[in-house]
Amino acid sequence: MNTCGSTAGFLNLIDVQWPIVQAPMAGTATPAMAAAVSNMGGLGSLGIGAMTPQAVMQAVASFRQRSGKALNLNVFCHAPAVANTHQELAWLDKLAPEFEKFGGTPPKAIGEAYKSFVEDDEMFSTILSLKPKVVSFHFGIPCDAWIRELRRYGIVLFATATSLSEAQVAVKAGVQVIVAQGYEAGGHRGVFNPDAEDDQLGTIALTRLLRKSLNVPIIAAGGIMDGQGIAAMIRLGASAAQLGTAFIAAHESAADPGHRSALFSDAAHHTVMTRVISGRPARCLSNCFTAFGRDIHPQAIPAYPIAYDAGKALNAAARSKGELGYGAQWAGQGAPLARSMTTENLMSVLIDEMNGGNTYVNHK
């Protein structure tokens, strides 16, 4: 095996001890979580795609107060949304009955709550000034000039890919590590074009395909919840595994009580890939919002993240009346295997399981 694709080569590249990457999970991962992962020898991550540059600086400072280890900052590289007033108003009309259930009305208009990284010069400059060990891209990649500059600063670049063709585009542009996101994964699909045909490759098939075809480290992501799963991905040729849903119930997670409760309910056995919450395909715990979206045609839904603006407003209206089933309760197909404990304890358990110990005791 080429050393750049080996686990040892990957760990050396990003200066970590264990082949465990905590998924960035924008809105759920916290500096305390990321620091605990990094301090235990994994790669802690922060999803900054919906943050302002000022908030990113504060989050990184909070991380660095807790840890001097490696940090991954994850950005969204989606195509900037194109407004469609007719479609957006029609969508708000369709949502109106849901708002009415809670005595509310839809907003008069919706729009982009945050920019794509590909057009955010201030965020680019902020990341360069912070110089994290890793920057990871989701939904695509930025321009070649930015990739060259990030690498010139010594930053290691990851990109999510859901297919061989996406991975090839990223590697050709200068990305050094590919996150192979299987269809099992929770949260947003990393597809570059959400309207293109999605072959829905699972984590195992995608990891093997990329390992055979590319000469860069591959991180397996999707459905991996324990150390046995991490070890299995390593045996299949991955250099590391990325876990997201496994960390949602960690004490340091920012997941709200509704999300945590749903994760340990029957909903965990019925995750749904849906666009209705944000405008892009994302895997969510089965809830009121996913049920509403079951028969909605994708073309009726505004572009991401404009649709997210409406989704957040509906969730707020529902929560005001005690209904927690309209949130973005992202989770992967491994959700029934979730465990609740501190991030440090979870990392200890994952490492022990990965090494064959299997000493987990239910901490929920």
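What you see is a predicted model; the values in this text were computed from it and never measured. Position 1 is the first residue of the sequence, and the numbers go up from there.
Under the ring pair (Phe, Tyr, Trp, His ring centres under 6.0 Å) criterion, F137 pairs with no residue, sequence neighbours left out. Listed by chain and number, the residues in a side-chain contact (heavy atoms from CB on, under 4.5 Å) with L164 are Q168, L209, L210, S213, L214 (sequence neighbours excluded). Residues meeting the side-chain contact (heavy atoms from CB on, under 4.5 Å) test with D256, sequence neighbours left out: H259, R319. Here D198 pairs with R189 under the salt bridge (Lys or Arg N to Asp or Glu O under 4.0 Å) rule; sequence neighbours left out. In this view, R235 satisfies the salt bridge (Lys or Arg N to Asp or Glu O under 4.0 Å) rule with no residue, not counting sequence neighbours. Under the side-chain contact (heavy atoms from CB on, under 4.5 Å) criterion, N193 pairs with D195, A196, sequence neighbours left out. Take Y326 and apply the ring pair (Phe, Tyr, Trp, His ring centres under 6.0 Å) test, not counting sequence neighbours, and it matches F102, F289.
Side chains of T342 and H251: a donor-acceptor N/O pair is absent below 3.5 angstrom, by distance only. Using modelled atom types, one finds no donor on one side chain facing an acceptor on the other under 3.5 Å when comparing T162 with Q181. With 3.5 Å as the limit, one finds a donor-acceptor pair spanning the side chains of H188 and S278.
Counting only distance, with no hydrogens or angles, the side chain of E184 and the backbone of Q333 share no donor-acceptor pair below 3.5 Å. Panel note: side chain S116, backbone H78; a donor-acceptor pair is recorded below 3.5 Å. Without hydrogens or angle criteria, S261 side chain to P257 main chain gives no donor-acceptor distance under 3.5 Å. Using modelled atom types, no side-chain atom of R211 and backbone atom of L236 make a donor-acceptor pair closer than 3.5 Å. Although no hydrogens or angles enter the test, the distance criterion places a donor-acceptor pair under 3.5 Å between the side chain of S163 and the main chain of E166. R294 contributes no side-chain N or O that, together with a main-chain N or O of T274, makes up a donor-acceptor pair within less than 3.5 Å. For R275 (side chain) and I301 (main-chain N/O), no donor-acceptor pair under 3.5 Å exists by modelled atom type. In this structure, T203 contributes its side chain and G222 its backbone to a donor-acceptor pair below 3.5 Å. No donor-acceptor distance shorter than 3.5 angstrom exists from the side chain of E252 to the backbone of F247, with no hydrogens or angles considered. The closest donor-acceptor contact from the side chain of S239 to the backbone of P217 lies at 3.5 Å or more, if one exists at all.
In this structure, H86 NE2 and W91 CH2 are separated by 14.0 Å, a value rounded to the nearest 0.5 Å.
In the hydrophobic cluster analysis, where Ile, Leu, Val, Met, Phe, Trp and Tyr join through side-chain heavy atoms closer than 4.5 angstrom, V175 is grouped apart from V118. The cluster map of Ile, Leu, Val, Met, Phe, Trp and Tyr, joined by side-chain heavy atoms under 4.5 Å apart, puts L285 and F292 in different clusters. The cluster map of Ile, Leu, Val, Met, Phe, Trp and Tyr, joined by side-chain heavy atoms under 4.5 Å apart, puts L13 and F158 in the same cluster. Hydrophobic clustering of Ile, Leu, Val, Met, Phe, Trp and Tyr side chains at less than 4.5 Å, counting indirect connections, unites F264 with I248.
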Working for salt bridge (Lys or Arg N to Asp or Glu O under 4.0 Å), residues E353 and R339: CA-CA 14 Å; E353 291 172 340; R339 305 177 281 199; 2.7 Å; yes
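Annotation for I204: atom CD1 does not count as buried by contact number, only 12 or fewer foreign heavy atoms lying within 6.0 Å. Heavy atoms of other residues, nucleotides or ligands lying less than 6.0 angstrom from CD of E344 number 12 at most.
Other residues sharing a hydrophobic cluster with V191 under the 4.5 Å side-chain heavy-atom criterion for ILVMFWY residues do not exist; the residue is a singleton. Side-chain contacts under 4.5 Å among hydrophobic residues (ILVMFWY), followed directly or transitively, place Y183 together with M273. Side-chain contacts under 4.5 Å among hydrophobic residues (ILVMFWY), followed directly or transitively, place L337 together with M225.
Nearest approach of T245 to A335, heavy atoms of both residues: CG2-CA, 3.9 Å. Of all the heavy atoms in A231 and M354, the pair that sits closest is CB-O, 3.9 Å. Heavy-atom minimum distance, A240 versus F10: CB-CE2, 3.5 Å. In this structure, C284 and A328 approach most closely via the heavy-atom pair SG-C, 4.5 Å. Closest approach of L324 and G258 over heavy atoms only: CD1-CA, 3.5 Å. For the pair T207 and A220, the tightest heavy-atom approach, listed with the atom from each and the gap, is OG1-CB, 3.5 Å.
Side-chain atoms of L157 and I147, non-hydrogen and from C-beta on, do get closer than 4.5 Å to each other. Under the 4.5 Å side-chain criterion, counting only non-hydrogen atoms from C-beta, K115 is in contact with D120.
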Tabulate below the donor-acceptor pairs under 3.5 Å that side-chain atoms of residues 302-318 make, not counting sequence neighbours, or state none.
from: Y304; atom 1: OH; to: Y114; atom 2: OH; distance (Å): 2.7
from: D309; atom 1: OD2; to: G111; atom 2: N; distance (Å): 3.0
from: N315; atom 1: OD1; to: G327; atom 2: N; distance (Å): 3.3

Distance-only donor-acceptor hits, side chain of residues 39-63, under 3.5 Å, sequence neighbours excluded:
from: N39; atom 1: OD1; to: S67; atom 2: OG; distance (Å): 2.8
from: N39; atom 1: ND2; to: A35; atom 2: O; distance (Å): 3.2
from: N39; atom 1: ND2; to: R66; atom 2: O; distance (Å): 3.1
from: S45; atom 1: OG; to: Q22; atom 2: O; distance (Å): 2.7
from: S45; atom 1: OG; to: N72; atom 2: ND2; distance (Å): 3.0
from: T52; atom 1: OG1; to: A55; atom 2: N; distance (Å): 3.1
from: Q54; atom 1: NE2; to: E122; atom 2: OE2; distance (Å): 3.1
from: S62; atom 1: OG; to: R66; atom 2: NH1; distance (Å): 2.4

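With respect to the salt-bridge test (charged N to carboxylate O, under 4.0 angstrom), the residues E98 and K321 do not qualify.
No close placement of the F76 and F117 rings is indicated, their centers lying 6.0 Å or farther apart.
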